[in-house]
Protein chains: 2
Amino acid sequence: MTTGSKRTYNQYCGLATALDLLGERWTLLIIRELLIRPRRYGDLLADLPGIGTNLLAERLKFLVDEGLVRQRNLGGGSKRHAYELTETGEALRPAVLGLARWGMDFVGDLSAEATVRPAWAFLAVEAMLDPEQAPSENEQYEFRVDDQVFHIDVHDGTASAGAGPADNPVMTAITDAATFVQIGGGRLSPFAATVSGSLVLEGDIDVVLRCCALLGLDAGPVRVAAAPAAV
Amino acid sequence: MTTGSKRTYNQYCGLATALDLLGERWTLLIIRELLIRPRRYGDLLADLPGIGTNLLAERLKFLVDEGLVRQRNLGGGSKRHAYELTETGEALRPAVLGLARWGMDFVGDLSAEATVRPAWAFLAVEAMLDPEQAPSENEQYEFRVDDQVFHIDVHDGTASAGAGPADNPVMTAITDAATFVQIGGGRLSPFAATVSGSLVLEGDIDVVLRCCALLGLDAGPVRVAAAPAAV
DNA sequence: CTGCATCCGCCTCGATACTG
DNA sequence: CAGTATCGAGGCGGATGCAG
């Protein structure tokens, strides 16, 4: 903190400007966590293994200064507060989801050291949602990934994801976070996951196929099982 | 290069995986340049001031190894080749444009040391294009930013950007790169830029307003000038 | 106990010099 | 022209300390 000289690309361009704000290590992962829900400092520290306490504090202070994040006061003591995104930070959601969608095709095999969090599955569903594929039926699909429950709501040809259970789901998917990411990355078909038992689907076969299409998924050889007449 | 240990977030998540590939310094700016057009090593070095020769070589090698970039052989000597994006790398376009669009609202005043390149204006137009706002008319708008010429083609309710001049433009915008970015970031209205002479617009006023809407721009008090009856 | 600040070893970065 | 080799500076990661 001597000269205050910050490393910058010095380019008059939107992408370079965005990277001057977000390009440093851990910054976009902090944004990801806050896109899921507001968090306390300790929550972020626990959900981002390896970040180091000084870096997290420094990044948060910078993001607050730049107006992407603000502190909301929780009741209790003076130091009890949560970090949450401002409107400006929230505006990053489509861009971050775009990167996440692209990266899902590159997730490798699950190693022993890798961190897995069910909350990330919620962002994955948002990232996979293809608005063009929204079915004409008004219906809801519910997802239970470990301890996280969220849903997709299709209404008047528009699909959106939301936290918590669905009001009246026509399909329910129950699985664990690792299986969910593997399916999203195309490394595992919903059919195969159902056979192995790591995914449990409740709902009509047509509904399941509609939901898979909405998420850009190839369900696997489900049709064959349902209609053995076809090759 | 002893252990080959690469710094990774070790998170089973699409965004973390994407950042393991793209999150290091300069990487996304290299992708940006290749999204505009293929480049030689020397071109990239010239268009990315401050990168350093070793970093550029290292990043390119990594991107080639990961399958995002490939080398295309140009005629001449054996060492004459250009770098271009693979299909996988090209798939980053929407995500990168999303970040660029977000960042445009944060570009500050143009400083003396800042680099400005007219080629970036092409990506800016792509990033600003709002498919929802495509007019019903089939028409083309041409842009001449310094030495770069590109256009928007609206056809059957779909708008797309392309390099080179338009076949039959109903509007032509002539400006410099700095002015273009300032307009895109909302720091300058097309109207004000026209008054100061840094932007020259040729075309019917209705066409200009349609083009501004397509790019998410507030044209400025143009209506007042065209119809002085209104306040 | 939570929310940071300080310190230290190491790795990445940026710039220059050098080679095919 | 297209990189490789080298080295100082600074960002990062982990442990520890401390204040409210």
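All chains are named by letter (A, B, ...) in the order of the sequence lines, taking the proteins before the strands, and each is independently numbered beginning at 1. We use all heavy atoms of the structure for the numbers below, so side chains are in, but hydrogens, waters and symmetry mates are not.
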_Measure CG/B/L56 against C1'/C/dT12 and give the value in whole Å, please._
16 Å
*Taking CZ from A/R25 and C1' from C/dC10, how many angstroms apart are they, rounded to a whole number?*
14 Å
*Where each residue is assigned the nucleotide of DNA chain D containing its nearest heavy atom, which of B/R40 and A/I51 is assigned the position nearer the 5′ end?*
B/R40
*Which listed nucleotide (C/dC4, D/dT4, C/dG14) is nearest to the side chain of A/Y83?*
C/dC4
*Counting only side-chain N and O atoms of B/W26, is one of them less than 4.0 Å from OP1 or OP2 of C/dG14?*
yes
_Quick check for you: among C/dG3, D/dT4, D/dG11, whose closest atom lies nearest to any side-chain atom of B/K61?_
D/dT4
*Which whole-number value in Å describes the distance from B/R59 CZ to D/dT4 P?*
14 Å
*With respect to the side chain of B/T53, which nucleotide from C/dC13, D/dG13, C/dA17 is positioned closest?*
C/dA17
_Nearest-angstrom distance from the residue atom OH of A/Y9 to C1' of C/dG14_ = 12 Å
*asked:* Using modelled atom types and a 3.5 Å cut-off, is there a donor and acceptor pairing between side-chain atoms of A/Q140 and backbone atoms of A/D167?
replied: yes
*Candidates C/dC13, D/dG13, D/dT4 - which lies nearest the side chain of B/Y41*: D/dT4
_The side chain of B/N54 is closest to which nucleotide in this list: D/dG3, D/dT6, D/dC12?_
D/dT6
*Between C/dA15 (P) and B/L48 (CG): distance, integer Å*: 13 Å
*Side-chain heavy-atom pair B/L21, B/L63 within 4.5 angstrom cut-off*: no
*Specify the separation, in whole Å, of atom CD of A/E58 and atom P of D/dC12.*
7 Å
_Measuring from the side chain of A/R7 (C-beta onward, heavy atoms only), which nucleotide among D/dC12, C/dC7, D/dG11 has the closest atom?_
D/dG11
*For A/K6 and D/dG11, give me the distance from atom NZ to atom P, rounded to whole Å.*
8 Å
*Mind calculating the distance between CG (B/N10) and C1' (D/dC12) to the nearest angstrom?*
16 Å
*Under a 4.5 Å cut-off applied to non-hydrogen side-chain atoms, are B/I30 and B/I51 in contact?*
yes
*Aromatic B/Y9 / basic A/R25 pairing, under 6.0 angstrom, 45° off normal*: yes
*Tell me, do B/T175 and B/V200 make a side-chain contact under 4.5 Å, heavy atoms counted?*
no
